[in-house]
Student: 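Before we start, here is the structure in question, set down as structure tokens.
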Amino acid sequence: MTQSICPICEGEMNFHFSVPCDYRKPSEKKEYKVFWCSACDYGHIWDRPLWNEIKESYQIDNYYTHQTQNEQKNKKLRQNSLEEKLRIYIAWRFDFGEHLKLKEISSYLRQKKVENTPKEGSVEKLSICEIGCGSGKNLKKFASLDFDIFGVEPDEEARKVALSITDSIFSGTAEELPTIITQRKYDCVLMSHSLEHTLDINKTIRNIKSVLCDYGLLIIEIPNSKCLGFQRLKGEWPWSDIPRHLNFFTPQSLKLLLERYNFHVESTNYVGFCRHFFPTWLDIEKEIHSAFASNNIDEWKTPNYKLRSWILLLQTLLSSNETKYDSVRMIAINNQS
């Protein structure tokens with residue numbers, strides 16, 4: 001195996017942990033190793049997979065981007081016990097995560113659009129391109145604010161769902177944007193839980209910069225590998241989702257990557273706390289553990305999931321945002337100078 005080099009600082013990366021299989025395909029026994037750069041606080045799967053291997057990892061039943069919002073909402077949920085309700089209620093009371101404020105984004109971009117439009121010209125509609133748009137639920141929200149919406153999505157099943165929202169959904173990846181997308185500039189580029197799926201993070205950011213207006217905004221939200229859930233559980237954490245997630249970012253490493261390409265990080269916000277304590281989240285933890293244990297039963301001892309969940313809750317109620325929330329979102333301005 002060749003040496004793993006950090007794509008952000010180009011320093012040496014060291015072995016961090018491994019998992020014995022893809023938990024969604026436990027019968028396919030294949031080990032995945034994660035290497036880590038301590039300087040940047042960034043990790044990735046090494047060796048890097050081939051493109052056909054990446055495509056195969058999404059060929060699974062009930063992957064969330066393959067479903068409409070109604071299908072996701074209509075999943076039958078079992079009745080929560082009194083203990084579960086108490087745990088969820090406490091988590092909810094201490095969940096101060098900040099969701100994306102679309103109207104503020106729209107207001108800022110409209111102002112910039114006016115400022116950058118010649119006096120004799122007419123102000124065009126705002127535009128957004130989401131790379132890794134999945135089923136298109138984010139684009140639908142921006143469309144309601146009168147944005148021209150465009151999406152890039154490599155997964156055929158997800159594209160079928162997104163095409164019910166707009167015809168401007170195209171096959172491609174962050175590293176290989178379709179030609180029709182590169183023929184214009186956008187006021188905003190969104191990557192919501194997609195950067196962690198990319199094979200080449202540097203090429204991804206270069207491509208984004210090439211299609212973004214000079215004053216444009218880049219919005220990136222990713223799983224937060226600094227949170228205590230990931231720090232404790234590593235590959236068993238539901239949002240590690242190896243091997244679909246190829247990269248593991250912390251707020252520090254994401255900021256370093258954006259600054260490398262002259263983006264100015266305007267804001268950093270966090271989201272995703274209460275959901276850790278839902279029975280559905282614990283069910284995924286159990287599914288992951290069971291898959292790993294079936295491949296190496298001696299190493300993967302069955303934990304007390306309820307006790308572990310309560311301990312995590314008590315340890316994170318008043319902790320810093322970096323260690324509390326499962327996702328971090330940065331909004332960055334495209335600086336050309």
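In this text the structure is predicted, and so the values were computed from the model without any measurement.
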Student: List for me each residue that meets salt bridge (charged side-chain N to carboxylate O under 4.0 Å, His left out) alongside Glu31, sequence neighbours excluded, and say none if there are none.
Tutor: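 So Glu31 forms no salt bridge (charged side-chain N to carboxylate O under 4.0 Å, His left out) with any residue.
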Student: Looking at side-chain heavy atoms only, is the closest gap between Phe263 and Ile220 below 4.5 Å?
Tutor: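 No. Closest side-chain heavy atoms not under 4.5 Å.
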Student: How would you list, by chain and number, every residue that makes a salt bridge (charged side-chain N to carboxylate O under 4.0 Å, His left out) with Lys203, sequence neighbours excluded?
Tutor: Glu176
Student: Using atom types as modelled and distance alone, determine if a side-chain donor or acceptor of Asp155 lies under 3.5 Å from a backbone N or O of Ala158.
Tutor: yes
Student: Is Ile5 isolated, or which residues cluster with it under the ILVMFWY side-chain rule of less than 4.5 Å, directly or via members?
Tutor: none
Student: When rounded to the nearest 0.5 angstrom, what is the spacing between NE2 in His99 and CZ in Arg329?
Tutor: 8.0 Å
Student: Could you tell me if the side chain of Pro178 sits less than 4.5 Å from the side chain of Val152, heavy atoms only?
Tutor: yes
Student: Could Arg110 and Asp187 be called an ion pair, given the rule that one side-chain N must be under 4.0 Å from one carboxylate O?
Tutor: no
Student: Can any side-chain N or O of Ser240 pair as donor or acceptor with the backbone N or O of Ile242 at less than 3.5 Å?
Tutor: no
Student: Of all the heavy-atom pairs spanning Leu246 and Pro49, show the shortest one and how long it is.
Tutor: CD2-CG, 3.7 Å
Student: Count I, L, V, M, F, W, Y as connected when their side-chain heavy atoms are under 4.5 Å apart, and connections chain through other members. Are Phe292 and Val34 then in the same cluster?
Tutor: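 Yes; Val34 is reachable from Phe292 via cluster members.
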Student: Using a 3.5 Å distance criterion without hydrogens, assess whether the side chain of Tyr58 forms a donor-acceptor pair with backbone atoms of Glu156.
Tutor: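 Checked: no pair found.
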Student: State the NZ-NZ distance between Lys137 and Lys140, to the nearest 0.5 angstrom.
Tutor: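 Reported to 0.5 Å precision, the distance equals 12.0 Å.
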Student: Tabulate below the donor-acceptor pairs under 3.5 Å that side-chain atoms of residues 305-313 make, not counting sequence neighbours, or state none.
Tutor:
| unit_1 | atom_1 | unit_2 | atom_2 | d |
| --- | --- | --- | --- | --- |
| Arg308 | NH2 | Glu285 | OE1 | 2.9 |
| Ser309 | OG | Arg87 | NE | 3.3 |
| Trp310 | NE1 | Glu83 | OE2 | 2.6 |

Student: Is there side-chain contact between Gln231 and Trp237, with heavy atoms separated by less than 4.5 Å?
Tutor: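 No; the side chains remain at least 4.5 Å from each other.
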Student: For residues Trp92 and Phe277: do they belong to one hydrophobic cluster (side chain heavy atoms under 4.5 Å, members Ile, Leu, Val, Met, Phe, Trp, Tyr)?
Tutor: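 Unlinked, Trp92 and Phe277 end up in two clusters.
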Student: How would you list, by chain and number, every residue that makes a ring pair (Phe, Tyr, Trp, His ring centres under 6.0 Å) with His44, sequence neighbours excluded?
Tutor: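 Residues passing ring pair (Phe, Tyr, Trp, His ring centres under 6.0 Å) with His44: Tyr42, Trp46.
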Student: Taking only residues two or more places apart in sequence, or in another chain, which ones meet Lys209 in a salt bridge (charged side-chain N to carboxylate O under 4.0 Å, His left out)?
Tutor: none
Student: Identify the two heavy atoms, one from Asn295 and one from Pro26, that lie closest to each other, and give their separation to 0.1 Å.
Tutor: ND2-O, 3.3 Å
Student: Checking the side chain of Arg260 only, and the main-chain atoms of Asn202 only, is there a donor and an acceptor separated by less than 3.5 Å?
Tutor: no
Student: Mind checking whether Ser210 and Thr182 have side chains closer than 4.5 Å, heavy atoms only?
Tutor: no
Student: Rounded to the nearest 0.5 Å, how far does OG1 of Thr280 lie from CD of Glu84?
Tutor: 9.5 Å
Student: Kindly give the heavy-atom pair with the smallest separation between Ser327 and Trp239, and that separation in Å.
Tutor: OG-CZ3, 2.9 Å
Student: Rounded to the nearest 0.5 Å, how far does OG of Ser171 lie from CZ of Arg159?
Tutor: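 Result: 4.0 Å between the selected atoms.
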Student: Determine whether more than 12 heavy atoms belonging to other residues, nucleotides or ligands lie under 6.0 Å from atom CG of Asn52.
Tutor: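 Counting other residues, nucleotides and ligands, CG of Asn52 exceeds 12 neighbours.
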Student: For Phe248, which residues count as a ring pair (Phe, Tyr, Trp, His ring centres under 6.0 Å) partner, sequence neighbours excluded?
Tutor: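 Only Phe230 meet the ring pair (Phe, Tyr, Trp, His ring centres under 6.0 Å) criterion with Phe248.
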Student: Linking Ile, Leu, Val, Met, Phe, Trp and Tyr by side-chain heavy atoms under 4.5 Å, what else ends up with Leu100?
Tutor: Leu102, Ile105, Tyr108, Leu109, Leu126, Ile128, Leu139, Phe142, Leu145, Phe147, Ile149, Leu163, Ile165, Ile169, Leu190, Leu217, Ile219, Ile331, Ile333
Student: Hydrophobic cluster membership, with links at side-chain heavy-atom distances under 4.5 Å among I/L/V/M/F/W/Y: are Tyr23 and Phe17 in one?
Tutor: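 Linked, Tyr23 and Phe17 end up in one cluster.
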Student: Is there a salt bridge (Lys or Arg N to Asp or Glu O under 4.0 Å) between Asp146 and Lys125? Walk through the geometry before answering.
Tutor: CA-CA 7 Å; Asp146 202 32; Lys125 286 178 66 175; 3.4 Å; yes
Student: Checking the side chain of Asn224 only, and the main-chain atoms of Glu322 only, is there a donor and an acceptor separated by less than 3.5 Å?
Tutor: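 Confirmed, Asn224 side chain pairs with Glu322 backbone.
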Student: For Phe15, give me all partners under side-chain contact (heavy atoms from CB on, under 4.5 Å), at least two apart in sequence or on another chain.
Tutor: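 Applying side-chain contact (heavy atoms from CB on, under 4.5 Å) to Phe15 gives Ser18, Lys33, Phe35.
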Student: Between Gly43 and Met13, what is the shortest heavy-atom contact and its length?
Tutor: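 Distance-wise, the nearest heavy atoms are CA-CE, 4.0 Å.
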Student: Could you tell me whether the side chain of Glu175 and the main chain of Leu199 form a donor-acceptor pair under 3.5 Å?
Tutor: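 Yes, because the side chain of Glu175 sits within donor-acceptor range (under 3.5 Å) of the backbone of Leu199.
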Student: Hydrophobic cluster membership, with links at side-chain heavy-atom distances under 4.5 Å among I/L/V/M/F/W/Y: are Leu318 and Leu228 in one?
Tutor: yes
Student: Can Asp95 and Lys324 be counted as an ion pair, charged N to O under 4.0 angstrom?
Tutor: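 Not counted as a salt bridge, because no side-chain N and carboxylate O are separated by less than 4.0 Å.
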Student: With distance as the sole test, does Ser253 use its side chain to make a donor-acceptor pair with the main-chain N or O of Phe249 at under 3.5 Å?
Tutor: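 Flag not set: sc Ser253 to bb Phe249 has no pair under 3.5 Å.
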Student: Is Thr204 reaching over with its side chain to a backbone N or O of Asp200, donor-acceptor style, under 3.5 angstrom?
Tutor: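 Yes: the side chain of Thr204 pairs with the backbone of Asp200.
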Student: Would you indicate whether the side-chain heavy atoms of Lys30 and Lys25 approach each other to under 4.5 Å?
Tutor: no
Student: Within a strict 4.5 Å, meaning less than it, do heavy atoms of the Gln252 and Lys255 side chains meet?
Tutor: no
Student: Using the rule given for side-chain contact (heavy atoms from CB on, under 4.5 Å), can you reason through Asn247 versus Leu195, listing the C-alpha separation, both sets of side-chain angles and the distance that settles it, and then say yes or no?
Tutor: CA-CA 8 Å; Asn247 308 287; Leu195 182 62; 5.8 Å; no
Student: How long is the span from the OG atom in Ser194 to the CD atom in Glu153, to the nearest 0.5 Å?
Tutor: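 With rounding to 0.5 Å, OG (Ser194) is 8.5 Å from CD (Glu153).
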Student: Mind checking what makes side chain to side chain donor-acceptor pair (under 3.5 Å) contact with Glu28, not counting sequence neighbours?
Tutor: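 Testing Glu28 for side chain to side chain donor-acceptor pair (under 3.5 Å), a comparison that skips the adjacent residues, returns none.
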Student: Between the main-chain N or O of Pro243 and the side-chain N or O of Ser57, is there a donor-acceptor pair closer than 3.5 Å?
Tutor: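 Looks like no, no N/O pair under 3.5 Å.
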Student: List in chain and number order the residues that pass ring pair (Phe, Tyr, Trp, His ring centres under 6.0 Å) with Tyr32, two or more places apart in sequence or in another chain; answer none if no residue qualifies.
Tutor: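 Checked Tyr32 against ring pair (Phe, Tyr, Trp, His ring centres under 6.0 Å); zero matches.
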Student: Could you tell me which non-hydrogen atom of Gly235 sits nearest to which non-hydrogen atom of Val19, and how far apart they are?
Tutor: CA-CG1, 3.7 Å
Student: Closest approach of Cys274 and Ile88, non-hydrogen atoms and distance?
Tutor: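 Minimum heavy-atom separation between Cys274 and Ile88: SG-O, 3.7 Å.
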Student: Test side-chain hydrogen bond (donor to acceptor under 3.5 Å, both in side chains) on Thr323 and Ser320; report intermediate values, then the result.
Tutor: CA-CA 6 Å; Thr323 57; Ser320 68; 3.1 Å; yes
Student: How long is the straight-line distance from NZ of Lys286 back to CH2 of Trp281, given to the nearest 0.5 Å?
Tutor: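 Separation between the atoms: 15.0 Å.
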Student: Is there a donor-acceptor pair under 3.5 Å between the side chain of Asn334 and the backbone N or O of Leu218?
Tutor: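 A pair under 3.5 Å: no.
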Student: Does any part of the side chain of Ile131, heavy atoms only, come nearer than 4.5 Å to the side chain of Thr198, both counted from C-beta?
Tutor: no
Student: Going only through I, L, V, M, F, W and Y residues with side-chain contacts under 4.5 Å, is there a path from Tyr215 to Ile205?
Tutor: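 No, Tyr215 does not connect to Ile205 through the hydrophobic network.
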Student: Are Glu157 and Lys160 close enough for a salt bridge, meaning some N to O gap below 4.0 Å?
Tutor: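 The answer is yes: the pair qualifies as a salt bridge.
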Student: Any side-chain heavy-atom pair from Asp41 and Trp36 closer than 4.5 angstrom?
Tutor: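 Yes - at least one pair of side-chain heavy atoms lies under 4.5 Å apart.
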Student: List the residues meeting ring pair (Phe, Tyr, Trp, His ring centres under 6.0 Å) with Tyr186, not counting sequence neighbours, and say none if there are none.
Tutor: Phe150
